[in-house]
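Fair warning: this is a prediction, and the values are worked out from it, not measured in the lab. Order of the sequence lines fixes the chain letters, A, B, ..., with proteins taken first and strands second; residue numbering starts at 1 for each chain.
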Amino acid sequence: MTGAGMITIVDIALLTMLCFTAIAIMVLRHLFAVAALTGAFSLLSAGLLVALDAVDVAFTEAAVGAGISTVLMLGTLALTQRREHRPPRFSLTALLVVIATGGALIYATSDMPAYGDPNAPALKHVVPFYIEGSQNDIGVPNIVTSILASYRGYDTLGEVAVIFTAGIGVMFLLGLRREDEDDEGATRRGPGRPPDAPKPGGTKS
Amino acid sequence: MNHHLVLRVVSKLLIPFILLFALYVQFHGDYGPGGGFQAGVLFASAFILYALIYGVDNAREVLPPKALRFLVPVGLIIYALTGFASIVMGGNYLDYDVLAHDPQHGQHLGILVIEFGVGTTVAAVMVTIFYAYAGRTRDVDDEDW
Amino acid sequence: MSTEMALALTLLIPSLGGIAIACAGRYPNLREAITLITASVLFAVVISLLQEVSGGREPTLALIEVVPGLPLMLKVEPLGMLFGCVASGLWIVNSLYSFGYMRGTNETNQTRFYICFAIAIASSMGIAFAGNMFTLFIFYEILTISTYPLVAHKQNAEARSGARLYLGLLIGTSIGFQLVAIIWTWVAAGTLDFTIGGILRDKIDPTMLPILLALYMFGIGKAALMPFHRWLPAAMVAPTPVSALLHAVAVVKAGVFTVLKVVIYIFGIELLSETGASGWLIWVASFTLLAASLVAISKDNLKARLAYSTISQLSYIILGAALASSLGVLGGALHIATHALGKITLFMCAGAIYVATHKTKISDMQGLGRLMPFTFAAFCIAALSIIGLPPFAGSWSKWYLALAAADAGRVLVIAVLMISSLLNVAYLMPLVARGFFRPAPPRQPVGAAVTPGARFGLAEAPLLCVIPPCLTALGCLVLFFYADEVVDLLRPIVG
Amino acid sequence: MSLLSEHIPVLQVAVPLLSAPLCSLLRGVRLPWLLALAVSWFAFAISILLLIQVMDSGDISYHMGNWAPPFGIEYRVDVINAFVLLIISGISAVALPYARLSVAHEVDPRRHGQFYTAYLLCLTGLLGVTITGDAFNIFVFLEISSLSAYVLIAAGARQDRRALTAAYNYLVLGTVGATFFVIGVGLLYMVTGTLNIADLAERIRPLADNRAVQAGFAFIIIGMGLKLAMFPMHTWLPNAYTYAPSTVTVFLASTATKVSVYVVLRFLFTVFGPAYGFVGLTFEYIFLPLAILAMFIGSTAAIYQTNLKRLFAYSSVAQLGYIVLGIALGNIAGLTATVLHLFNHALMKGALFMALGCVALRIGAVSINGVRGLGREMPWTFAAIAGAGLSLIGVPSTVGFISKWYLILGALENSWWPVALLIVASSLLAVIYVWKIIEAAYFGVAPEGRGPVAEAPLEMLAPLWLMVVANFYFGIDADLTTSVAGKVAATFLGSGS
Amino acid sequence: MLDAIIAHYNYWLVIFLMMIGLYIVISRGNLVKKIVGLNIFQTSVFLLYITLGKVNGGTAPILTDKPETFSNPLPHVLILTAIVVGVATTALGFALVVRIRESYGSIEEDDILATERAEDEIAVNEALS
Amino acid sequence: MFIGATAALLVAMALTLIRAFAGPTLFDRVLAANSFGTKTVLLIGVLGFLTDRPEFLDIALLYALVNFIGTIAVLKFFRYRNLGLSNTEAADREEID
């Protein structure tokens, strides 16, 4: 068996595992287990990304998905609860939406270029310019970096702005220092708050 | 975690290497996988590890929130200003060619600078988010737990 | 003063007057002086325009083009001139009356009352002198909105629900039907300018004409064509000066005036008579005419009775338009003036009775004629004019309408006119009869503070409430003799 | 200056983008506001310059990093997005003078720096989405604006905790929408190999029968439909607008959905064009019924609301119905109405929400019960509500009328009689909910226990009245707006096929 | 048929994954779970993009000395950006969840809706009284 | 050789994944997730050789790190229900428990 054939097998195996993990995440009610599985999900997809030659993406997905997201989710669980209270319900609307969306995508696949097709239009139009230019214009071997930082550097500027927004947003919502929290602490409310208490309002902000 | 001696020692050993690895990813991004974003996350993870082992309060002394408040915007400012710099030097926005005499040099320089900006902001934001979560007191009843 | 300037002034004067009234709100005397001055100046300006028009000119003032091909434009033509004169002239009289009434009944929010009144007059002027259907529509809506606070003036539950009905029906019909008709017209004809002979000839499928006409007729809710007449009785919760000027003159006349404008300048009389598109309207108008009269007879509340009488009288004008002949249109136009004079008198009398005795029901009014002879005399004259007896002005318009019906060979319409005149007698004269020929009930304490005629054993309302109706009643008489002048003025509109 | 003049397109976005991090460094209450104000006015000036330049000398193309499209990211300004840019920055320029007091009242003073940072980011995102000529860049800037919008909405939690759930729901649906958009762009990229919108339009032409293209179209429209709260995907909107701080509601209600509409227009007409069979079908069988349902269900729901902000939020759903209806008509008049209504609706909703912000400043909550009898105590505020309300109804001489005029023209042009009648019928629903407020304010009796209420401060009234006056000015002299909108419509319909 | 499967199995599996994510988002009432679903949904979109960039026999798009076929680097770049956007959304979403939990005492949609509805009723009753 | 290693790794991954799904206790899941991470690190390493681009070991390194930190976070969270406790606080918590 060739390396390429093996890659295909890895590909299928990882995808299958991804699907099962996703189903498990859907079914499990223990949010802690969900967090652990989400981490596994990210690692799996990162592995798949390597198999698909997207090393940079795999790098990021591992760092973000398995690392940051997991920590974020654990942090959230620590501040909220670790079990889903309601048993999973079957939702017809959700099913219909999903079937419609999936149907549209499957419909689209029939006219998509085949998987791995070296003659796909996406490869023929803009990309050759990048591959060539990365060597000549920019002189950076990692084509992804040269596109990211130069050809589409503006997207990356936007990306940093997005991260910045998230940072500002979390600071805004949760506060950064203990002191912030301390004077908010006075208004904190437990879960036993009667629903008809007068003025609503998470007075914190 | 006073009695988790192994953990404390291992992480103390590990953290410098993580930082080093982060720097490697930051500056090796041109040649291999990686770049500012990934490096930023790695940087942050070093601090997060520190906070996990030694507590957030200690981490706050190492990297105070005030510094974070400053670092979060600074990365973005660096990036955006690079764009304006290339305008001032006579190019279009984010045109690194004009940053140095030789276009290829300029590209290198530009990529280096903006990747640095990306790394700064990403690292700072990640630590910020961690602080924000970890610094909040738990408000959960035991029956929920 | 150029005529264009004068034209702009007809809008500006009452608007500025409204602002001045708002500023002077704290000083009632100053406020009312401003009202009166504004009204007089406005009337003077309108009269100056009248001379232009009777000289055969048509001053025009294009203001601004809202969207391409859709300008805001003012233009004076005879019909509008007539309406303008009536509205602005009667404003003076009505202002005087308002002072007496509002003070006599100690109403609240008087400043708001006068401001809205001024705005309403300004928009009436806008309607009168609108140069195209679009401009007219804008002022039509402003009139509706500016009179809403007047109707809701008392702010109690009854006033609010009345005002809600008022606004709902007027805005509803205007947006729901009239606007559609206007846009349809614009799409078909490419213009909305008022043009003698109409703008729709060959522009629209003749079978569609009745539908378009129906959209217009029912869309002009102010003309109170059944089944969209309910707002008029509902609006009677307003103070009487409002009922008098607005719901006898400005608002309802704006409605029928618009009807005439549409028939004459949008469709064109000839087009209508050729295609017979207005045939259905004759019957709807006739129905409204009779039905409203019958309802009026059943009402014991004087203002409600007058309101239904107004509905009925408005249908005369619509009928005139529906006949689609020059005589019919002339009769209708003339009726705008004659009915205005008559009905405002009746309302002012009703108000005077209310101020003096706080009575609203006809059945309670026996014997009042002897206590309030001037009021009742004026009422009697106006009633006769409305009924259509010479030598009062109302007889002319009915005469023209009957002629037009005869011309068109519509015997049934003549019959309707006859019957309705009888019904007029039936609902208007009982009050006169009651007032003069029934014995008065034992003397009761009277509501009004000052009764100038008390020395003579009279119990009239304050002077300011009595003189205006007498003046307009006199007007009914005078107009009978000068009707020719009015007809001459109007002649150009029928070509 | 000549150095900068050729860089005007990028300054439009890059300056607010740079100012956002600067703003977060500022301390205190006043400085962040001043910076945001200065930047907004600067952006407004730039957008005026852009519009003039575009009207005079045609489209402008700016190449980021000096990489020619389709390789690099291109900023492409034509009449259409210049107009939308003008709306966004104009609203922002008017909203910020108003914001200071309102925000001081409603947002934690320690968070003002972050608040205005988020505001600037939102502005940046919206401007960026509008001006860019690159499909993926749209997504990036869309997310900047959305993420900051979530934060801004959640800032209302100090007043009412429901702001949090509103922001959360918006976040979930908004992210699903953005992801759908990404899927759509991905499908298009897959078969064309380009992300540049102009290039995309070019290369998609021979691919009209390609199923991936059709699916991509559907995903982009649905994704953006979620963002623009097209019925029935509007569920996030009412609560988000209701519980956000007043200034945020003013800004978002007048701009955020408009930008999504712009993106839909851009894809519908520039990239696809009604000549494609499947696109034309969507107009009649999907947009038309949805728009009409939105008009009626939105308005009907508005009638039953007791919270005035929510009332007008539902009215926004209905108004978006008008905007979509204009697209569905598919002719010049209808499209003119859509583009006009982007502007006009921003004017009227901006004014209305500003007025509600004034009320909130004085009495705290904006329930129909609370404003009873306030008309006399806050005459200017409620006169403004009345004026803008008339515009919402579509009374002639207001901007609302102009939009409806063109909408009905468009319907008649297609001989869609029932549609024309439905448009006017739905305006009548607007009469009901607007009048409910006016009646309560002017003829209602003040609830017990409410002391005397002062009129809102001049600093807030001035911008409010500027908007109200604009409602009437552009309703009477609509020449400027209609000519731009007409030009836009002509470009779209001319170039699309 | 087999050709079609080989040409598209990767897409199909990814689409299946995507739909699971979407289903979780819509059907689950737990706020944390919804965000997790959103994550799965987004991740699978990333996979879709990367899948379309894959070239048979290609290799990672990093230039080496020898000439090679590269997989399409552009989707990689786009997805890098998208991942960052995704994590930003997640962070913000979780922050909101924490705040909601603090205000409402629950992160179950049903409980929160019930609480809000009760409050709304009070408001409506006030308005009517 | 690499092919065989890959296959073995895949099987091992599937097995750990099953453990993670099945539970039954939380420790099982955490342990499974952790060892799953380890296997992914190995898989990446092997894949690098399989595709003749061994320089991607960088990624494997990162995975290992992330896995380490993630596991510590999970465990700390599990033990103290809080990610940010400092030493003294943690000690207090332990006494209470």
With a 4.5 angstrom heavy-atom cut-off, which part of B:V41 approaches chain A: side chain, backbone, both or neither?
side chain
Largest heavy-atom contact set with chain B, pairs under 4.5 Å, which of A:I168, A:I138, A:V57, A:L148
A:I138
Pair count under 4.5 Å, heavy atoms only, with chain B: among A:A58, A:A63, A:G139, A:G67, highest is A:G139
Part of B:P64 lying under 4.5 Å from any heavy atom of chain A:
neither
Under a 3.5 Å cutoff, is there a donor and acceptor pairing between the side chains of A:D137 and B:Q104?
no
Distance-only, no hydrogens or angles: does the A:Y130 side chain make a donor-acceptor pair with backbone N or O of A:V144 under 3.5 Å?
no
What's the spacing between B:N92 CG and B:S86 OG if we round to 0.5 Å?
8.0 Å
For chain B, which of A:T156, A:I143, A:N136 has the most heavy-atom pairs under 4.5 Å?
A:T156
Please classify the contact of B:Y96 with chain A as side chain, backbone, both or neither, using a heavy-atom distance under 4.5 Å.
side chain
Working for side-chain contact (heavy atoms from CB on, under 4.5 Å), residues B:Y54 and B:R8:
CA-CA 8 Å; B:Y54 297 94; B:R8 298 179 53 155; 3.7 Å; yes
Quick check: does any side chain N or O of A:S91 sit under 3.5 Å from a backbone N or O of A:A94, one acting as donor and the other as acceptor?
yes
If you count heavy-atom pairs within less than 4.5 Å of chain A, which of B:P73, B:S45, B:G106, B:A124 leads?
B:P73
Measure the spacing between CG of B:L52 and CG of B:L7 and express it to the nearest 0.5 Å.
10.0 Å
Is B:E115 in contact with chain A via its backbone, its side chain, both, or neither, using a 4.5 Å heavy-atom distance?
side chain
Rounded to the nearest 0.5 Å, how far apart are CG of A:L72 and CG of A:L77?
11.0 Å
Which bit of A:I68 comes within less than 4.5 Å of chain B, counting heavy atoms only: side chain, backbone, both or neither?
side chain
Who among A:A149, A:S134, A:G167 has the most heavy-atom pairs with chain B under 4.5 Å?
A:A149
Verify whether the ring centers belonging to A:F129 and A:Y151 lie closer than 6.0 Å.
yes
Who wins among B:D30, B:L76, B:D97 for the most heavy-atom pairs under 4.5 Å with chain A?
B:D30
In residues 13-30 of chain A, which residues are in contact with chain B at a heavy-atom separation under 4.5 Å?
none
Which bit of A:V55 comes within less than 4.5 Å of chain B, counting heavy atoms only: side chain, backbone, both or neither?
both
Does atom OH of A:Y115 have more than 12 heavy-atom neighbours from other groups under 6.0 Å away?
yes
Chain B interface, residue from A:G153, A:G169, A:S146, A:A166 that has the most non-hydrogen pairs under 4.5 Å
A:G153
Derivation of the side-chain contact (heavy atoms from CB on, under 4.5 Å) call for A:M73 and A:V34
CA-CA 9 Å; A:M73 190 170 165; A:V34 168; 3.7 Å; yes
Give, for atom CG of A:L43 and atom CG of A:L37, the distance between the pair rounded to the nearest 0.5 Å.
11.5 Å
